[in-house]
Structure formats: C-alpha cells, structure tokens
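Heads up: the structure comes next, in structure tokens.
This chain uses plain numbering: 1 for the first residue, then up along the sequence. Not measured: the values here are computed from a predicted model.
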Amino acid sequence: MENRLSLNNKVAIITGASKGIGAAIAKKLAEQGASVVVSSRSQAAVDEVAQSIKDNNGKSIGIECHVGKQEHLSNLVEKTVAEYGRIDILINNAATNPTFGGLAEADLAVFDKIMNVNVKACMLLSNLCYPYMKKSEGGSIINISSVEGVRPSRGLGMYSISKSALIALTKSQAMEWGSDGIRSNVICPGLIKTKFSKALWSNEQLLSQFEMHIPLGRMASPDEISDLALLLASDASSYITGSVYNADGGYLI
C-alpha cells in the first residue's frame with residue numbers, strides 16, 4: 001500500500017495553496033515524491049510554502065495565480081509545463097465567500113464573483129490541464145467542495161450553490177474523461193481550523209455549539225484533509241472516480 005501511495009515522477013498543481021488546506025495538501029503530496037506547483041494570489045506567499053517544501057527535500061515552485069482571471073490560469077499551466085513537462089494531478093482548492101445573508105437580498109455582482117472563483121475557474125483550469133493528462137493516459141483531479149454543497153446553512157446560500165455545482169462538475173468530469181484514464185473526485189470538508197473558518201472557531205461559544213452536532217465532537221486540522229487528498233491523487237485510488245467524500249467528523253449523518 002505504501003508504494004501505491006507514492007507520487008514519484010508526478011506533477012501536481014494546487015490552487016489556493018498559500019495557507020490552510022491547500023498548503024497542507026501541497027506539503028503532503030511533496031512528501032510522497034510529487035513535484036508540487038503552489039499557486040495563490042500572492043507570489044510572496046506561494047514562494048514561502050514552496051521554500052518550506054524544498055527545505056524538507058521536496059520539489060516545488062510557486063506561481064502567482066488569481067483563479068478568477070483566465071489569463072492567470074493559462075499562465076499557471078504554461079509555466080508548469082515549461083518547468084516540469086507534464087501535469088498529473090490538479091487540486092482545485094481556491095475558493096471565496098465574501099458575503100453572509102439570505103438569497104432574497106443577494107447582490108448579483110457578489111454571486112457572479114462566487115460562481116466565477118468557486119466553479120468556473122475549476123472548470124477552466126481542469127480543461128487546460130486535460131490535454132496534458134490525456135497525453136499521459138491518466139491523471140487525477142480533486143475538487144475541494146464543502147459540506148455546504150450537500151447541506152446548505154442559512155446565510156450561506158450563494159456559497160452553498162457554488163459548492164453544490166462543484167460536486168456536479170466533478171461527476172461530469174469523471175463521466176466524460178474516464179475513458180482517457182482521468183479520474184475526478186470531490187472532497188467536502190466540514191469544520192476545519194483554517195483562516196477561512198476563523199470567524200466560527202475563534203468564538204469559543206459558537207465553536208462549542210457547532211461541535212455538539214459533530215459525532216466526533218471536534219473540528220479537524222488541514223492535515224486530516226491532506227491525507228484524503230493523497231489517497232485520491234495516488235494509484236491507491238486507481239478505480240475511484242466521480243465519488244464524493246465527506247470529511248466532516250460525521251456532521252452530515
């Protein structure tokens with residue numbers, strides 16, 4: 001099994017990888033031998049993560065990329081191929097949620113932004129990587145959704161819609177690209193201790209109330225998502241595609 005988890009000679013792109021889940025996945029894949037492309041909006045931030053990987057004898061470069069801009073996505077793929085010559089793994093992790101409120105009061109400009117970053121960018125970047133994965137006769141796409149895409153919460157309607165659409169995108173990719181040897185799976189994290197969810201876990205009263213609804217009774221660390229991402233990126237999951245993995249401590253039971 002350990003050999004099946006090896007990512008030697010594989011090249012992985014991770015978006016939103018300057019912190020949190022993305023950074024944890026980048027480091028985990030590098031530990032297993034992958035050449036990792038760390039991408040996010042800040043060059044300084046991705047350079048820091050890439051350097052930490054290299055300091056631990058891993059292989060990595062950082063490429064600035066705002067996933068909401070198509071020219072940035074194209075540049076990300078072009079620079080990756082120029083550096084490593086191939087793309088085997090894509091982790092669509094970058095996401096945004098700049099609002100809280102009901103759908104009836106939704107700002108359409110904000111809705112467009114959420115859908116552009118959380119869904120459209122994932123589709124476009126996957127499409128750009130597709131020819132290289134097809135040429136290699138295999139690849140793994142892992143889309144990071146959320147439990148909100150399965151069970152919406154009040155005030156997070158637009159975010160939930162985008163994450164539900166990402167699940168549908170994953171299944172469509174799996175269906176259309178399976179014959180090319182390309183697998184696509186989706187991870188739906190629950191409450192993870194990241195900057196993205198800090199407003200919840202930094203409030204002890206709110207956190208306590210939320211954890212009461214989690215069978216495991218606690219929130220998770222980003223590393224607990226990166227372990228699952230490693231499985232799905234590796235040959236250990238060679239017959240798994242189109243699947244939805246809830247990493248939520250049992251929240252959705």
Side-chain angles (χ1 to χ4, degrees), residues 11-30 34-55 58-84 87 89-100 107 109-129 141-146 148-149 156 158-159 161-163 165-166 169 186-187 189 192-202 222-223 225-226 229:
V11 176
I13 295 175
I14 301 102
T15 66
S18 63
K19 57 184 180 296
I21 292 173
I25 292 175
K27 294 173 183 177
K28 181 69 66 173
L29 300 192
S35 298
V36 174
V37 177
V38 180
S39 73
S40 189
R41 290 182 296 176
S42 166
Q43 186 64 51
V46 296
D47 284 344
E48 182 177 347
V49 176
Q51 187 60 51
S52 71
I53 290 173
K54 289 185 282 189
D55 288 344
K59 294 165 286 188
S60 182
I61 59 171
I63 300 176
E64 179 182 349
C65 177
H66 187 315
V67 297
K69 299 180 179 181
Q70 294 187 41
E71 63 273 20
H72 281 219
L73 297 176
S74 296
N75 180 66
L76 175 59
V77 171
E78 290 168 4
K79 285 189 174 181
T80 298
V81 174
E83 179 71 21
Y84 294 119
I87 300 170
I89 301 159
L90 170 63
I91 316 286
N92 282 310
N93 172 67
T96 188
N97 182 40
T99 188
F100 182 88
D107 183 318
V110 174
F111 179 74
D112 286 343
K113 178 180 180 179
I114 291 173
M115 294 300 289
N116 189 43
V117 170
N118 295 3
V119 186
K120 183 180 178 181
C122 298
M123 184 184 74
L124 291 177
L125 185 53
S126 298
N127 287 353
L128 289 169
C129 292
I141 298 170
I142 302 168
N143 296 314
I144 308 299
S145 180
S146 167
E148 291 298 327
L156 295 173
M158 290 189 286
Y159 178 74
I161 290 168
S162 72
K163 289 302 186 177
L166 189 56
L169 172 64
V186 61
I187 298 174
I192 314 297
K193 192 173 184 180
T194 65
K195 184 178 179 180
F196 198 77
S197 61
K198 187 175 181 180
L200 177 56
W201 58 259
S202 62
D223 281 338
I225 303 301
S226 67

*Does some side-chain heavy atom of V46 sit less than 4.5 Å from a side-chain heavy atom of V49?*
no
*How far does CE of M158 sit from CG of N118, to the nearest 0.5 angstrom?*
11.0 Å
*Distance from L76 atom CG to L128 atom CG, nearest 0.5 Å?*
9.0 Å
_Can you tell me how far apart CG (L166) and CD1 (I161) are? Round to the nearest 0.5 Å._
14.0 Å
For residues 63-73, tabulate all N or O donor-acceptor pairs below 3.5 Å that involve a side-chain atom, not counting sequence neighbours.
unit_1: H66; atom_1: ND1; unit_2: G68; atom_2: N; d: 3.0
unit_1: H72; atom_1: ND1; unit_2: H66; atom_2: N; d: 3.0

*Determine yes or no for a side-chain-to-main-chain donor-acceptor pair under 3.5 angstrom, with N93 supplying the side chain and I144 the backbone.*
no
*Verify, without hydrogens or angle tests, whether S145 (side chain) and K163 (backbone) share a donor-acceptor contact under 3.5 angstrom.*
yes
*Quick one: CG on N92 to CG on N143, what's the gap to the nearest 0.5 Å?*
5.0 Å
_Please check this pair: side chain of S39 against backbone of I14, looking for a donor-acceptor N/O pair closer than 3.5 Å._
yes
*Under 3.5 Å donor-acceptor, N97 side chain and I114 backbone*: no
*Does NZ belonging to K120 count more than 12 external heavy atoms closer than 6.0 Å?*
no
*Quick one: does S226's side chain get under 4.5 Å of K27's, heavy atoms only?*
no
*Reported CD1-to-NZ distance for the pair I53 and K28, which is rounded to 0.5 angstrom*: 12.0 Å
*Without swapping roles, check the side chain of Q43 against the backbone of G62 for a donor-acceptor pair under 3.5 Å.*
yes
*asked:* To the nearest 0.5 Å, what is the distance between CG on L125 and OG on S74?
replied: 9.0 Å
*Report yes if the side chains of T99 and D107 come closer than 4.5 Å at any heavy-atom pair, otherwise no.*
no
